Amino acid sequence: MKSDIKIKHVLQWHLTHTCNLRCKHCYQEDYIQDLKIAELEKILNNYIEFLRLKEFKGHINFTGGEPFGNNCKEKLFRLMNICDKNNITYGILTNGTIVTEQLVDELKQHKNLKFIQMSLEGTPKVNDSIRGKGTFKKVMNAVKLLNKANIETMISFTLHEGNYKELRKLIWLCRIHGVK
């Protein structure tokens, strides 16, 4: 007898090497040319076939570089459409600096989008010293827009000796702003 319970398979997929930031702790050193949409669709179709053969439930975390960047956004949305049609859930890992009201309106149209994860490294002064001036404010604006649209938000934090004392303050800020 076949079980109705499906094992969830999670794929973290770096769609692009390019990013609009150059954070101090970033490990991205080479900015090789990104794959073309046809190549990305072939990879996704292979993943769909893998899920079908293994009878797994699929989930993809799309990331980069910056997946909402101009060179990647169109590709990302095409892949999201394919995921929606194939009942694959997904999240998007972004630095959060280019999330706009228009982008959020587009995101709301995707039924299988489960969350947007953005990055902060502490309170404004510490965060901006690591990620660039004004990034804290942009991410917090993105949190506001996404929460208003009922899109789950999460914050990632890269802990290191330059910001470890910021963690408690950041957790508190996330709680009061409705972040997971």
Side-chain angles (χ1 to χ4, degrees), residues 8-32 34 57-73 75-77 79-80 83 88-108 110 112-180:
K8 187 180 204 178
H9 184 276
V10 178
L11 172 68
Q12 182 150 319
W13 192 355
H14 292 247
L15 294 177
T16 182
H17 297 280
T18 60
C19 184
N20 59 320
L21 301 179
R22 293 293 176 260
C23 302
K24 288 183 179 179
H25 62 271
C26 185
Y27 55 84
Q28 185 70 40
E29 293 178 6
D30 61 353
Y31 297 93
I32 60 176
D34 294 337
K57 171 108 178 87
H59 177 87
I60 300 174
N61 291 325
F62 292 111
T63 186
E66 175 49 53
F68 290 135
N70 288 335
N71 67 323
C72 191
K73 182 182 163 199
K75 295 174 188 177
L76 171 63
F77 276 85
L79 296 173
M80 289 165 56
C83 287
I88 297 171
T89 60
Y90 47 89
I92 302 169
L93 286 56
T94 172
N95 62 39
T97 62
I98 52 180
V99 174
T100 63
E101 211 168 320
Q102 180 183 347
L103 177 65
V104 171
D105 286 342
E106 292 176 60
L107 291 170
K108 287 191 309 190
H110 293 274
N112 285 343
L113 174 63
K114 295 301 176 194
F115 62 86
I116 302 291
Q117 177 181 303
M118 295 168 284
S119 301
L120 285 174
E121 308 307 331
T123 54
K125 183 179 178 183
V126 172
N127 180 81
D128 289 4
S129 73
I130 295 167
R131 293 191 163 268
K133 187 176 180 177
T135 58
F136 183 90
K137 185 177 180 180
K138 289 176 183 177
V139 172
M140 292 311 293
N141 185 60
V143 166
K144 181 180 174 183
L145 292 171
L146 291 162
N147 283 343
K148 185 177 175 186
N150 294 315
I151 297 173
E152 185 174 313
T153 59
M154 293 187 277
I155 294 292
S156 69
F157 177 85
T158 303
L159 182 72
H160 54 79
E161 71 178 30
N163 72 347
Y164 72 93
K165 292 179 181 178
E166 296 283 300
L167 183 56
R168 285 184 193 263
K169 295 174 200 170
L170 188 60
I171 290 169
W172 179 79
L173 279 170
C174 287
R175 283 186 180 151
I176 65 172
H177 289 283
V179 175
K180 293 280 178 178

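For clarity, every value in this text was computed on a predicted model and none was experimentally measured. Counting from 1, the numbers follow the sequence of the chain as shown.
Listed here is the closest heavy atom pair of G122 and N127: O-CB, 3.6 Å. Nearest approach of L113 to G91, heavy atoms of both residues: CD1-CA, 4.3 Å.
For the atom pair CD of E121 and CG of L159, the computed distance is 9.5 Å after rounding to the nearest 0.5 Å. Atoms SG and CZ, from C72 and F62 in turn, are 9.5 Å apart once rounded to the nearest 0.5 Å. Between Q12 atom CD and H59 atom NE2 the span is 9.0 Å, to the nearest 0.5 Å. Residue L93 holds its CG atom at 10.0 Å from CD of E66, rounded to the nearest 0.5 Å. Expressed to the nearest 0.5 Å, how far CD1 of I116 lies from CD1 of I151 amounts to 6.0 Å.
In this structure K137 satisfies the side chain to side chain contact (heavy atoms under 4.5 Å, CB included) test with no other residue, sequence neighbours excluded. Residues meeting the side chain to side chain contact (heavy atoms under 4.5 Å, CB included) test with E101, sequence neighbours left out: L145. Checked against side chain to side chain contact (heavy atoms under 4.5 Å, CB included), D128 has the following partners two or more places apart in sequence or in another chain: T135, F136. For K73, the side-chain hydrogen bond (donor to acceptor under 3.5 Å, both in side chains) partners two or more places apart in sequence, or in a different chain, are E106. With sequence neighbours excluded, no residue satisfies side-chain hydrogen bond (donor to acceptor under 3.5 Å, both in side chains) with T63. The salt bridge (Lys or Arg N to Asp or Glu O under 4.0 Å) check on K138 picks up nothing, with sequence neighbours excluded. Every residue two or more places apart in sequence or in another chain that forms a side-chain hydrogen bond (donor to acceptor under 3.5 Å, both in side chains) with E166 is listed here: T123. Take S156 and apply the side-chain hydrogen bond (donor to acceptor under 3.5 Å, both in side chains) test, not counting sequence neighbours, and it matches S119. Residues that satisfy the ring pair (Phe, Tyr, Trp, His ring centres under 6.0 Å) test with F77, not counting sequence neighbours, are H110. Contacts of N71 classified as side chain to side chain contact (heavy atoms under 4.5 Å, CB included), with partners at least two apart in sequence or in another chain: T16, T18, D34.
A donor-acceptor pair under 3.5 Å is formed between the side chain of N163 and the backbone N or O of T158. Looking at N112, its side chain never comes within 3.5 Å of a backbone N or O of Y90 through a donor-acceptor pair.
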Walk me through it: do I98 and N70 pass the test side chain to side chain contact (heavy atoms under 4.5 Å, CB included)?
CA-CA 10 Å; I98 52 180; N70 288 335; over 6 Å; no
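The shortest side-chain heavy-atom distance between K165 and V126 does not fall under the 4.5 Å cut-off. Put simply, the side chain of I60 reaches to within 4.5 Å of the side chain of I88, judged on heavy atoms.
Applying the salt bridge (charged side-chain N to carboxylate O under 4.0 Å, His left out) definition to pairs two or more places apart or across chains, none involves residues 140-154.
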Determine all donor-acceptor pairs shorter than 3.5 Å in which one atom belongs to a side chain in residues 167-177; sequence neighbours excluded.
none

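Tested against M118 for a side chain to side chain contact (heavy atoms under 4.5 Å, CB included), the candidates N95, T97, I92, V143 yield a single pass: V143.
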